[in-house]
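All values reported here derive from a predicted model rather than from experimental measurement.
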Amino acid sequence: MDFLKDISDFMEREGVAELEISDGDCLIVLRRGAAESRETGQDGVEKDLVTSPLQGILRLRSSTENSLFADAGDRKRRGEVLFYIEAMKRINEVYAEFDLMVEDVLCVDGEAVAQGQAIMRVRKAEI
């Protein structure tokens with residue numbers, strides 16, 4: 001598994017958000033984490049900005065449900081879906097990297113977003 005750490009280090013060093021490795025019937029897709037930057041709010045609490053890992057169309061809702069994956073005030077566990085980015089006819093899920101509370105959603109469902117664009121402001125929270 002050391003080779004995955006090497007690949008991850010390479011992706012971070014080179015600014016690669018997503019990498020696909022294909023070998024016959026096997027496909028491995030690696031994505032860098034979404035929470036990449038921090039800010040300190042007026043209340044002095046450090047907050048993370050969850051950013052888009054790639055350019056595409058932001059999907060804050062599932063196509064089968066009308067409710068948002070995550071809205072202001074929601075608490076999410078590590079690994080739960082925060083939003084999707086639709087790019088090149090693929091749906092790319094973005095997951096919570098830690099237990100968190102959504103402070104604010106900064107973009108609109110269906111909006112075109114750039115790689116690295118802030119989508120949500122969140123803070124670590126115990127659930």
Quiz item: In terms of hydrophobic clustering (I, L, V, M, F, W, Y; side-chain heavy atoms under 4.5 Å; direct or indirect links), are M101 and I119 co-clustered?
Solution: no
Self-check item: Partners passing side-chain hydrogen bond (donor to acceptor under 3.5 Å, both in side chains) against E86 (at least two apart in sequence or in another chain)
Solution: R59
Quiz prompt | Spacing of CE belonging to M120 relative to CG belonging to L58, to within rounding of 0.5 Å | solution = 7.5 Å
Practice problem: Specify the closest pair of heavy atoms between A87 and G56, including all atoms of both residues, with the distance to one decimal. | Solution: CB-CA, 4.4 Å
Self-check item: Non-neighbouring partners of D104 that pass salt bridge (charged side-chain N to carboxylate O under 4.0 Å, His left out), sequence neighbours left out
Solution: R121
Quiz item: Do you know which two heavy atoms are closest between P53 and I85, and how far apart they sit?
Solution: CD-CG1, 4.2 Å
Quiz item: Which pair of non-hydrogen atoms, one from V113 and one from S52, has the smallest distance, and what is that distance?
Solution: CG2-OG, 3.7 Å
Exercise. Go through the structure and list residues passing side-chain hydrogen bond (donor to acceptor under 3.5 Å, both in side chains) with R90, not counting sequence neighbours.
Key: E20
For residues 73-82, dump all side-chain donor-acceptor pairs below 3.5 Å to protein atoms at least two apart in sequence or in another chain.
| unit_1 | atom_1 | unit_2 | atom_2 | d |
| --- | --- | --- | --- | --- |
| D74 | OD2 | D71 | N | 2.8 |
| K76 | NZ | F69 | O | 2.6 |
| R78 | NE | E97 | O | 3.2 |
| E80 | OE1 | R77 | N | 2.6 |

Quiz prompt | Test side-chain contact (heavy atoms from CB on, under 4.5 Å) applied to Q55 - qualifying residues, sequence neighbours left out | solution = none
Exercise. Hey, could you give me the CZ/CG distance between R123 and D48, rounded to the nearest 0.5 Å?
Key: 11.5 Å
Quiz item: Nearest heavy-atom pair of F83 and T51: which atoms, and what distance?
Solution: CZ-O, 4.1 Å
Self-check item: Minimal non-hydrogen separation, A118 against L106, with atom names
Solution: CB-CD1, 3.8 Å
Practice problem: Identify the two heavy atoms, one from A70 and one from V105, that lie closest to each other, and give their separation to 0.1 Å. | Solution: O-CG2, 3.8 Å
